Protein chains: 2
Amino acid sequence: MQLHKYDVVEAATAILDAYGIADLTMRRLAKELNVSPGALYWHFANKQQLLGAIADRILQPARDVPAVTDWRERIVAVCSALRDALLSHTDGAELVSASFAAGQSQAAGDILTALSAAAEDAGVPSAEAELAARTVIYYVLGFTVDEQSKLQWDSAGVLDPQESVAAIDHDRRFGFGLRLLIDGLGVISTVS
Amino acid sequence: MQLHKYDVVEAATAILDAYGIADLTMRRLAKELNVSPGALYWHFANKQQLLGAIADRILQPARDVPAVTDWRERIVAVCSALRDALLSHTDGAELVSASFAAGQSQAAGDILTALSAAAEDAGVPSAEAELAARTVIYYVLGFTVDEQSKLQWDSAGVLDPQESVAAIDHDRRFGFGLRLLIDGLGVISTVS
DNA sequence: ACCTGAACACCGTTCAAGT
DNA sequence: ACCTGAACACCGTTCAAGT
């Protein structure tokens, strides 16, 4: 039977979830799909492009959050959905971070657009709305990469119990940083 | 003559500046130093640790910015020095970003501490000061990774002139995003 | 203490040739 | 159109053995 982009991305996601990003190699993926490594290059130009497709797959649940009118609520909804999506896959935050920086994820671009619109609603001049949206995404990605590496270290049992991270209230901390940004956006609407 | 950590970091920085992070391999570095690849592992436990040392070298100029009393000015001074340091080396932002996420840069930790102190001065409760500082660093790293990749694409002549990035005022944009964060911190001092 | 030589176990990517 | 086989040009890391 023929190989389709969809199957490749599914198999790649399965490797990611089970073994992490370090084990997500073209050769390993090809083996899992019972094809030769070269076959993957018929469907994807290079590894970066494939990672972009995986990023899109991971971000699917965060793409269309129900549109709410209040821009503050909308930012919170989008960012929470984004964080949840990243935490749903092993090394998800790291993979999406890299794909976002490389400009390889369509879905990440859509989320950026949604946040830009929210920033404009907050009163940010349209010339700066995308930068404001990027600032928010930098935060969510940075925070979640950190959080996830701690969570994964913890579940791997590397830390001794007393310094376990389980006690830390990540949700509350995430909200605190997000409020910081939303407050900053709020000030702009007051000033200009 | 003997190999010292210092020489290794200097040679690595030279490769980085001349050829970029993709060419900064242990084997290539060993060749440049006229030693066998294994020799590097006497001085550094692994590549990550070496990259951390390079990050420290890059961040040197940003480590001790003159202490100014006003916390807003202090954040601006630290972040500007940080961005300047990153832009002074090819792929500097990307390398430091990775080392910061991996917790391998002493200097990045110091900068985090300085920003935490500024956040406390802004009125952020000490339990959240580090998160506030991290939020600021996520912004500077994210922004500068983006900026640098555009600058380097441009100087490589990949873009056609009409969409050249030279016209974009990066300084102004950097300041805009930074103000967003500082305004957010300012609100906290007002509320609590 | 510090380094070499040589190996181990891999990588991403390309491309003529096959079906 | 889609894939195989095989190669190209590399990686990071380890470790017995040398000095």
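Chain identifiers are assigned alphabetically (A, B, ...) following the order of the sequence lines, protein sequences preceding nucleic acid strands; residue numbering begins at 1 within each chain. As the structure is a prediction and not an experimental result, all values here were calculated from the model.
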Novice: Nearest-Å distance, CG (B:L40) to C1' (C:dC2)?
Specialist: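 Rounding to the nearest Å, CG of B:L40 and C1' of C:dC2 are 12 Å apart.
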Novice: Using whole Å, report how far CE of A:M1 lies from P of D:dC2.
Specialist: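 The distance from CE of A:M1 to P of D:dC2 comes to 16 Å, rounded to the nearest Å.
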Novice: For residues B:A132 and B:L185, report the shortest heavy-atom separation together with the two atoms involved.
Specialist: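 Taking every non-hydrogen atom into account, CB-CD2, 3.9 Å.
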Novice: Considering only the P atoms, how many Å lie between D:dA9 and C:dA9, rounded to the nearest integer?
Specialist: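 To the nearest whole Å, 24 Å.
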Novice: If we check side-chain contact (heavy atoms from CB on, under 4.5 Å) with B:S105, which of these qualifies: B:D110, B:D56, B:I54, B:L51?
Specialist: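 In the set B:D110, B:D56, B:I54, B:L51, the residue that makes a side-chain contact (heavy atoms from CB on, under 4.5 Å) with B:S105 is B:D56.
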Novice: Give me the distance, rounded to whole Å, that separates D:dC10 from C:dA7 when you measure between the C1' atoms they each carry.
Specialist: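 About 16 Å, rounded to a whole number of Å.
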Novice: Can you build the contact string for nucleotides 10-19 of chain D? Use B for base contact, S for sugar-phosphate-only contact, and - for no protein heavy atom under 4.0 Å.
Specialist: -BBBB-----
Novice: Nearest whole angstrom, please: distance from the P of D:dA9 to the NZ of B:K31.
Specialist: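 After rounding, the reported distance stands at 13 Å.
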Novice: Does the A:Q148 side chain pair with the main chain of A:L86, one donor and one acceptor, at a distance under 3.5 Å?
Specialist: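 A pair under 3.5 Å: yes.
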Novice: Using OP1 and OP2 only, check whether a side-chain N or O of B:W42 sits under 4.0 Å from C:dC3.
Specialist: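 No.
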Novice: Between atom CZ of B:R57 and atom CG of B:L95, what is the distance when rounded to the nearest 0.5 Å?
Specialist: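 If I round to the nearest 0.5 Å, the distance is 12.0 Å.
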Novice: With heavy-atom distances below 4.5 Å as the criterion, would you say the side chains of A:T144 and A:L82 are in contact?
Specialist: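 The answer is no; the side chains never approach within 4.5 Å.
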Novice: Can you measure A:F44 atom CZ to D:dC2 atom P for me and round it to whole angstrom units?
Specialist: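 That distance rounds to 13 Å.
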Novice: So what's the dot-bracket for DNA chain C: Watson-Crick or G-U pairs under 3.5 Å, [ ] if a pair crosses, | if it pairs off-strand?
Specialist: ||.|||||...|||||.||
Novice: Evaluate the criterion side chain to side chain contact (heavy atoms under 4.5 Å, CB included) for residue pair A:L40 and A:L33; output intermediate values, then yes/no.
Specialist: CA-CA 10 Å; A:L40 299 173; A:L33 289 163; 4.1 Å; yes
Novice: Within the side chain of B:Q152, is there an N or O that forms a donor-acceptor pair under 3.5 Å with the backbone of B:T90?
Specialist: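 Such a contact is absent between B:Q152 side chain and B:T90 backbone.
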Novice: Does A:H43 make a side-chain N or O approach to OP1 or OP2 of D:dA1 shorter than 4.0 Å?
Specialist: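 So the side-chain polar atoms of A:H43 never come under 4.0 Å of the phosphate oxygens OP1 or OP2 of D:dA1.
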Novice: Classify the angle between the aromatic ring planes of A:Y138 and B:Y139 as parallel (below 30°), tilted (30 to 60°) or perpendicular (above 60°).
Specialist: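 Rings of A:Y138 and B:Y139: tilted, 30 to 60°.
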Novice: Which atom pair, heavy atoms only, marks the closest approach of A:L131 to B:R173?
Specialist: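 Distance-wise, the nearest heavy atoms are CD2-O, 3.0 Å.
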Novice: Which nucleotide in the list D:dC3, C:dT4, C:dC3 gets nearest to the side chain of B:L3?
Specialist: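 Taking heavy atoms from C-beta onward, the closest nucleotide is C:dC3.
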